[in-house]
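Each remark here refers to the structure printed beneath this line.
Only this structure's heavy atoms are used, side chains among them; waters, hydrogens and symmetry mates stay out.
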Amino acid sequence: MFSKLTLVLSILLWITPAMGVHSATHEENKIKKEINNLDRLYIRLSSEIYKTTKLKPGNTYTKIKNIKSLHESISFLVEKGNHIKAIQLIQYHNKLIQKNIDDPAIFHFLELLLDHNEWNTANSLYQYIKTEGDKSLISNVKFIFSRYYFNRSNWKKTLNTLDGIYDDLSADNGHYALVMNGVALQNIRKHREALKYYNKVSSESVYYHYAKLNTAIAYIRQGWWSDAHIIISALLKAQPSSEKENKEFINRLYLVLGYSFLQQEYFREARESFRNIQKNSRYAIRGMLGIALAAASQGDNTGALNILNLLQQKDAYALPVEESYLLLPYVYEKLGQHKTAAASYSIALDYYQKRIHEINSVSTNIRITSDALSTIKNNTFTINRNKIDLSQKHLVLFINNLKELERFKSITATTELQNKITSLITKHHSLLKSIVLAELKKRTGYLKSYRNQAQYGLARLYDNSKQK
């Protein structure tokens, strides 16, 4: 009988919460630790670089006398892609900013600093605000810093910074803070407590659907399938599908719902959910595999074959496509086409062996240089057509630091600082190589598992034919 491993792998890989709840492996935790170490080195170097590249007296921007003009100048520079100069303005006009800490521009300045990880300048301003600002101002600044900690998966500091600030935030920021609190609690395994925060998010909030999806997935992980299905169904009814920004969220809902139905063996419902995923969605290929699994489980083998053949015409190195090579011979078996099934198992074996060899070759010869950034598109690193997902927040921030270091090379005059930048870039390249190798190793593990199942399927067919 066909192994359920493929389905289980699919579920583990694709049913993930909306805003970052993720059970990290030992390897991922090790990489996060190394990223944090490099982050500290980056912060130290960034501060040193900005101190040595201050605005020179006589520069037009040094003559700014009021907070409104400063805000306008900084906004203009950011819009033109020159955030480094914008940060230099913040540093130069530190006293002007301190005299106007109640001005809303302060929030923009802090967000700019933290978005580009200029921590020391941001923290210096934060400490001044904690001393001189009122409770409402301090709470709103804490909210900005909580997002910084949240994006770095620093759950303890996220929770500490969020504590006691909700009443001082705008409605949208308050709801966002509640969702962050829930995610942080889930990541330290306090799932029931997290649900209390999700439930506080108003149905009128733009973050309501994130809170509910995270709630549904928390239910799924605890085996409360019916409750999760009710939530997801309600979300689907409430989402205006005409709005472009909602389309992928809706597709994701259908994917989660489909795989949860599939795991519960509600095959008709699963199939219907997967069919609702749009063809141009990033989740389309995963949905296609789901339809094939549901169809095969229903006994609609012809339908399963049609989908699997279509799937194999897609991106050859997408995991659902690679899984389809194992599912195809199983369907042929169910149709009684044993010779075709045997041939299909042989094709799968050859395919998996070839892919394992390819990945081993890539892993052996991988080189990460300054050109690496040009191969990262939409948080995906591509090497020999193998796509490495870098969309997890800590990886995105790691890449952002590397981009900033490359920018610093063009503004730093001293040889000493250039050498420090080059050294830190090299360390980032080394860790990026480790990240890519870890992902390739993970993919090889899946492929070896599929290859072993294909070997077993072929051996079983051979034994059955001998017995006849």
Side-chain angles (χ1 to χ4, degrees), residues 31-64 70 73-74 76-98 108-128 145 148 151-152 154 367-376 381 390 394-435:
I31 286 172
K32 283 183 181 179
K33 185 176 180 180
E34 291 182 36
I35 287 175
N36 288 337
N37 289 334
L38 287 185
D39 197 52
R40 284 188 285 271
L41 292 175
Y42 170 86
I43 288 170
R44 191 185 308 160
L45 181 57
S46 171
S47 181
E48 187 177 354
I49 288 169
Y50 277 111
K51 282 179 181 177
T52 60
T53 57
K54 294 179 180 179
L55 292 180
K56 296 178 180 178
N59 185 297
T60 303
Y61 289 117
T62 65
K63 300 174 182 178
I64 294 171
L70 179 61
S73 296
I74 287 172
F76 173 79
L77 288 167
V78 171
E79 187 179 337
K80 294 298 181 181
N82 194 351
H83 67 269
I84 291 178
K85 180 73 74 176
I87 290 173
Q88 289 172 332
L89 260 68
I90 293 174
Q91 293 175 324
Y92 186 88
H93 293 286
N94 181 57
K95 290 183 179 179
L96 175 61
I97 293 170
Q98 289 183 354
H108 177 216
F109 299 159
L110 283 170
E111 287 171 349
L112 175 64
L113 291 167
L114 292 177
D115 283 347
H116 296 283
N117 209 11
E118 178 40 36
W119 165 259
N120 286 323
T121 305
N123 188 49
S124 176
L125 183 54
Y126 178 31
Q127 298 307 318
Y128 182 84
F145 275 81
Y148 177 87
N151 289 335
R152 281 161 172 73
N154 190 330
R367 299 287 184 272
I368 302 293
T369 65
S370 295
D371 296 333
L373 289 176
S374 65
T375 69
I376 299 174
F381 178 85
L390 301 176
H394 65 289
L395 296 177
V396 172
L397 295 168
F398 165 76
I399 296 299
N400 286 346
N401 280 354
L402 179 54
K403 290 178 180 177
E404 289 293 300
L405 288 168
E406 292 288 350
R407 294 186 185 103
F408 284 151
K409 285 167 67 176
S410 64
I411 69 161
T412 307
T414 69
T415 302
E416 182 184 0
L417 280 178
Q418 285 286 353
N419 290 339
K420 288 182 179 181
I421 292 170
T422 300
S423 174
L424 193 51
I425 286 175
T426 300
K427 290 176 181 177
H428 277 72
H429 287 169
S430 177
L431 183 52
L432 179 57
K433 179 178 178 179
S434 297
I435 291 167

Using the side chain to side chain donor-acceptor pair (under 3.5 Å) criterion, which residues pair with [X]? Sequence neighbours excluded.
{"X": "Lys420", "result": "Glu48"}
{"X": "Glu118", "result": "Ser46, Thr121"}
{"X": "Thr53", "result": "Gln88"}
{"X": "Asn154", "result": "none"}

> Could you go step by step and tell me if Leu397 and Asp39 meet the side-chain contact (heavy atoms from CB on, under 4.5 Å) rule?
Replying inline: CA-CA 9 Å; Leu397 295 168; Asp39 197 52; over 6 Å; no
Holding to ring-ring contact (aromatic ring centres under 6.0 Å, His included), I want the full list of residues that pass it with [X], two or more places apart in sequence or in another chain.
{"X": "Phe145", "result": "Trp119, Tyr126"}
{"X": "His108", "result": "His71"}
{"X": "Tyr42", "result": "none"}

> Of all heavy-atom pairs between Leu432 and Ala372, which one has the smallest distance, and what is that distance?
Replying inline: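 What the structure gives for the nearest pair is CD2-CB, 4.1 Å.
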>> Taking salt bridge (Lys or Arg N to Asp or Glu O under 4.0 Å) as the definition, give me every residue that meets it alongside Arg40, ordered by chain and number, with sequence neighbours left out.
In response: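 Counting only residues at least two positions away or on another chain, Arg40 forms no salt bridge (Lys or Arg N to Asp or Glu O under 4.0 Å).
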> Counting only heavy atoms not in Phe76, do more than 12 sit closer than 6.0 Å to its CZ atom?
Replying inline: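 No, not enclosed.
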>> Can you confirm whether more than 12 heavy atoms, excluding those of Glu416, are under 6.0 Å from its CD atom?
In response: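 At most 12 heavy atoms, drawn from other residues, nucleotides or ligands, come within 6.0 Å of this atom.
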>> Pair Thr414, Thr52 - check side-chain contact (heavy atoms from CB on, under 4.5 Å), show working.
In response: CA-CA 9 Å; Thr414 69; Thr52 60; 5.7 Å; no
Close side-chain approach of [X] and [Y], heavy atoms under 4.5 Å:
{"X": "Leu417", "Y": "Leu45", "value": "yes"}
{"X": "Asn401", "Y": "Ile35", "value": "no"}
{"X": "Asn117", "Y": "Arg152", "value": "yes"}

> Is it true that a side-chain atom of Gln418 and a backbone atom of Lys409 form a donor plus acceptor pair closer than 3.5 Å?
Replying inline: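 At least one qualifying donor-acceptor pair exists.
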> Sequence neighbours excluded, which residues qualify as side-chain contact (heavy atoms from CB on, under 4.5 Å) partners of His116?
Replying inline: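 With neighbours one apart ignored, the set is His83, Ile87, Leu112, Glu404.
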> Which residues satisfy the side-chain contact (heavy atoms from CB on, under 4.5 Å) test with Ser430, sequence neighbours excluded?
Replying inline: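 Ser430 satisfies side-chain contact (heavy atoms from CB on, under 4.5 Å) with no residue once adjacent residues are dropped.
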> Which pairs, with at least one residue in residues 407-429 and sequence neighbours excluded, count as a ring-ring contact (aromatic ring centres under 6.0 Å, His included)?
Replying inline: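 Those involving residues 407-429 are Tyr50-Phe408, Phe398-His428.
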> To the nearest 0.5 Å, how far apart are CZ in Arg44 and CG in Asn120?
Replying inline: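 Here the rounded value is 10.0 Å.
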> How long is the span from the CG atom in Leu402 to the CG atom in Leu373, to the nearest 0.5 Å?
Replying inline: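 With rounding to 0.5 Å, CG (Leu402) is 4.5 Å from CG (Leu373).
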>> Taking salt bridge (charged side-chain N to carboxylate O under 4.0 Å, His left out) as the cut-off, I'd like each qualifying pair that reaches into residues 78-93, sequence neighbours left out, listed once.
In response: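 Found none.
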>> Would Ile90 and Asn94 count as a side-chain contact (heavy atoms from CB on, under 4.5 Å) here? Give the steps.
In response: CA-CA 6 Å; Ile90 293 174; Asn94 181 57; over 6 Å; no
